[in-house]
Amino acid sequence: MTSENQLKRLPRDFFKRTTEGIAKDLLGRSLVRRTKKGDMITKIIETEAYLGPNDKACHTYNYKKTKRTKTMYERPGTIYVYLIYGMYHCLNVITEPKGEPCAVLIRELYPIDGIELIKENRSVKIGKNYKNLMDGPGKLCMALDITKEKFNGKDACDPKSKLFFAEGNPANPSEIKAYKRIGIDYAEEDKDRLLRFKIEK
DNA sequence: CCTGCGATCGTCT
DNA sequence: GACGATCGCAGGA
């Protein structure tokens with residue numbers, strides 16, 4: 001099932017654009033995790049945009065700078081992984097020109113190849129259509145063995161990177177649906193913005 | 001130093 | 001549908 005496009009790494013310029021556009025453009029693309037045992041190849045089917053200084057849901061609202069958010073000020077294409085609820089990781093990629101601390105959160109993936117490797121990382125029961133395998137930001141990090149120790153601050157555009165975004169089969173704009181973002185009730189007037197994007201598998 | 005809590009998940013009812 | 005797990009980080013003293 002693997003096609004050539006699923007390993008063609010997206011270049012830096014892809015990430016050097018507006019965050020909302022990238023969040024949509026990442027749908028249908030591939031996320032590839034390279035390990036000694038083999039490649040795990042997935043299709044991105046849900047994302048969220050976090051618009052930095054202008055977005056109360058974002059860690060860098062008002063250009064806030066802390067140890068954790070340091071990664072968000074790196075150049076586009078940088079991987080931002082942080083720990084949430086003391087036990088789960090969330091995977092993001094930095095967007096916009098360097099210094100504009102914006103990011104796209106990867107929320108859901110569908111497996112394409114290396115499925116046995118992916119399943120080995122998940123102890124729960126996997127339902128039909130791989131339901132439960134990678135349908136959440138914490139789950140997909142477990143499934144692909146993504147931790148902040150391994151990937152936070154790493155460059156997804158570096159040809160040697162073990163985690164990267166690839167060409168894949170970009171979604172047609174007509175199949176993309178927009179929703180409110182999840183788990184950001186504290187974000188006041190920004191909590192209802194339609195910055196979550198999904199496609200069907 | 002001390003406190004409160006989160007861009008979540010799995011289990012149980 | 002509800003809830004507990006679990007800890008690094010942020011903010012304040």
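The sequence lines fix the lettering, A, B, ..., with proteins before strands; numbering per chain opens at 1. Quick note: numbers below take in every heavy atom, side chains included, and nothing from hydrogens, waters or symmetry partners.
- Note on Lys64(A): every side-chain N or O is 4.0 Å or more away from OP1 and OP2 of dA10(C).
- Across every non-hydrogen atom of Arg29(A) and Ala166(A), the tightest pair is CB-O, 3.4 Å.
- In this structure, NE2 of His89(A) is placed 11 Å from P of dC9(C), rounded to the nearest angstrom.
- Residue contacts shown for Arg196(A) are absent, as no nucleic acid heavy atom lies under 4.0 Å away.
- Using cut-offs of 30° and 60° on the angle between ring planes, the pair Tyr63(A) and Tyr73(A) is tilted.
- For Tyr186(A), a side-chain nitrogen or oxygen approaches OP1 or OP2 of dA7(B) to under 4.0 Å.
- When rounded to the nearest whole Å, the span between CD1 of Ile182(A) and P of dG6(B) equals 15 Å.
- Ring pair Phe151(A)/His89(A): centre-to-centre distance not below 6.0 Å.
- Of the candidates dG10(B), dT6(C), dT8(B), the closest approach to any side-chain atom of Lys139(A) belongs to dG10(B).
- Distances from the side chain of Met142(A) to the nucleotides dT8(B), dG10(B), dA7(B) place dG10(B) closest.
- The partner of dA5(C) is dT8(B), by the rule that a Watson-Crick or G-U pair needs both atom distances under 3.5 Å.
- Comparing dC9(B), dA10(C), dA7(B) by their closest approach to the side chain of Tyr88(A) singles out dC9(B).
- Using a 4.0 Å heavy-atom cutoff across all strands shown, Gly86(A) reaches at least one base atom of the nucleic acid.
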Every protein N/O within reach of nucleotides 11-13 of chain B N/O, cut-off under 3.5 Å:
none

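- Using modelled atom types, one finds no donor on one side chain facing an acceptor on the other under 3.5 Å when comparing Ser3(A) with Asn5(A).
- Side-chain nitrogen and oxygen atoms of Thr66(A) include none within less than 4.0 Å of the OP1 or OP2 phosphate oxygen of dC9(C).
- Leu144(A) pairs in a side-chain contact (heavy atoms from CB on, under 4.5 Å) with only one of the listed residues (Leu31(A), Asn121(A), Leu117(A)), which is Leu31(A).
- Taking the C1' atom of each, dC3(C) and dC5(B) are spaced 16 Å apart, rounded to whole Å.
- Using a 4.5 Å heavy-atom threshold, the side chains of Lys98(A) and Glu74(A) count as touching.
- What separates OH of Tyr61(A) from C1' of dA10(C) is a distance of 17 Å, to the nearest Å.
- Between the CD1 atom of Ile184(A) and the C1' atom of dT8(B) there is a distance of 15 Å, given to the nearest Å.
- Using a 4.5 Å heavy-atom threshold, the side chains of Lys24(A) and Pro173(A) count as separate.
- For Arg68(A) and dA10(C), the shortest distance from a side-chain N or O to OP1 or OP2 is below 4.0 Å.
- Following rounding to the nearest Å, His59(A) (NE2) and dG11(C) (C1') show an atom-to-atom distance of 15 Å.
- Residue Tyr50(A) and nucleotide dA7(B) are classified as a stacked aromatic pair, their ring centres being separated by less than 5.5 Å at an interplanar angle below 30°.
- One atom, CE of Met87(A), and another, P of dA5(C), lie 9 Å apart when rounded to the nearest Å.
- Distance from the side chain of Lys148(A) is smallest for dC9(C) among the nucleotides dA5(C), dC9(C), dA10(C).
- For an aromatic pair to be called close, the ring centres must be under 6.0 Å apart, and Phe15(A) with Phe165(A) satisfies this.
- One interatomic measurement links the two molecules: CG of Leu83(A) to P of dC7(C), which rounds to 9 Å at whole-angstrom precision.
- Residue Tyr82(A) contributes atom OH, which lies 8 Å from atom C1' of dG6(B) at whole-angstrom precision.
- Between dC9(B) and Arg122(A), no contact under 4.0 Å exists linking OP1 or OP2 to a side-chain N or O.
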